[in-house]
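Each ligand, and each atom within it, is numbered from 1 in the order the structure gives.
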Amino acid sequence: MADKNITVEIVTPERVVFSEPVDFVVVPGVEGYLGILPMHAPIVSGINNGIIKVITGGAQTKISTSGGFLEVNNDKVVILAETAERDDEIDVIRAKAARERAEQRLANRTADIDVARAELALRRALIRLKAVGQD
Ligand code: ATP
C-alpha cells in the first residue's frame, strides 16, 4: 500500500456519497479516463457519465455517476456530481426497470417521445448495471 493517500470526496446536491482517503482514483473525465495518484498536479475538469473507481489497499469501489465536475488540489479530489451511487447502494431491480422503460420508449418511438431524454436514461441505467457487474 502507498504510504501517501489522496482524499476523495464525491458530493451530489442531495448528499455526500463518498469521503475517504484512498490510494488511487480513476475518473471519467470529459476527455477520457483520468487516473489520479497522490502529488497530482492541480486540475479542474468536467466529468462524463460513467464509473469512478477508487482503490484502497487493493480493494476497489465503483461509483456510478451521471457527470459533473472535478477539482484536484493538494492531494484532495472533489467531485461535484449530478447523481452518484456507490456500488453497494445501487438498486439493481430499479436500474433494470429504468433500462427496460428507456429501451421500450426507443423501440416504439412516437411523436411524444423525447429521444434524447430516453437515451440519457438508458445510459444512466446501463452505467449503474455495469458498476455492479449486471450489464
Ligand atoms: P429512475 O427512472 O429509476 O428514477 P433515473 O436515471 O431517472 O432512474 P436519476 O434522475 O439519475 O434517476 O437519479 C435520481 C436519484 O435516484 C438520484 O439520487 C440517484 O442517485 C438515485 N438513483 C437512481 N437510480 C438508482 C438506482 N438504480 N439505485 C440507487 N439509486 C438510484
Next on the checklist: Using the rule given for salt bridge (charged side-chain N to carboxylate O under 4.0 Å, His left out), can you reason through Arg94 versus Glu100, listing the C-alpha separation, both sets of side-chain angles and the distance that settles it, and then say yes or no?
Outcome noted: CA-CA 10 Å; Arg94 177 175 168 181; Glu100 179 79 21; over 6 Å; no
Next on the checklist: Are there over 12 heavy-atom neighbours, none belonging to Tyr33, within less than 6.0 Å of that residue's OH?
Outcome noted: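 Yes, enclosed.
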Checklist entry - Using a distance-only test with no angle check, is there a side-chain donor-acceptor pair under 3.5 angstrom linking Ser66 and Thr83? => result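 Checked: Ser66/Thr83 side chains pair up, N/O donor to acceptor below 3.5 Å.
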Next on the checklist: Tell me which pairs pass side chain to side chain donor-acceptor pair (under 3.5 Å) where either residue lies in residues 38-55, with sequence neighbours left out.
Outcome noted: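 As it turns out, the side chain to side chain donor-acceptor pair (under 3.5 Å) pairs with a partner in residues 38-55, which skip direct neighbours, are Asn49-Arg123.
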Item to check | Backbone N/O of Ser64 and side chain of Arg128: donor-acceptor pair under 3.5 Å | outcome: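 Not a single qualifying donor-acceptor pair exists.
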Item to check | Sub-4.0 Å heavy-atom environment of ligand 1, residues by chain | outcome: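 Residues Glu14, Thr83, Ala84, Glu85, Glu89, Ile90, Asp91, Arg94, Ala95, Arg101, Arg124, Arg128 each place a heavy atom under 4.0 Å from ligand 1, listed by chain and number.
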Next on the checklist: As a quick check of understanding, evaluate side-chain contact (heavy atoms from CB on, under 4.5 Å) for Glu9 and Val77, giving each step before the final call.
Outcome noted: CA-CA 6 Å; Glu9 205 167 285; Val77 179; over 6 Å; no
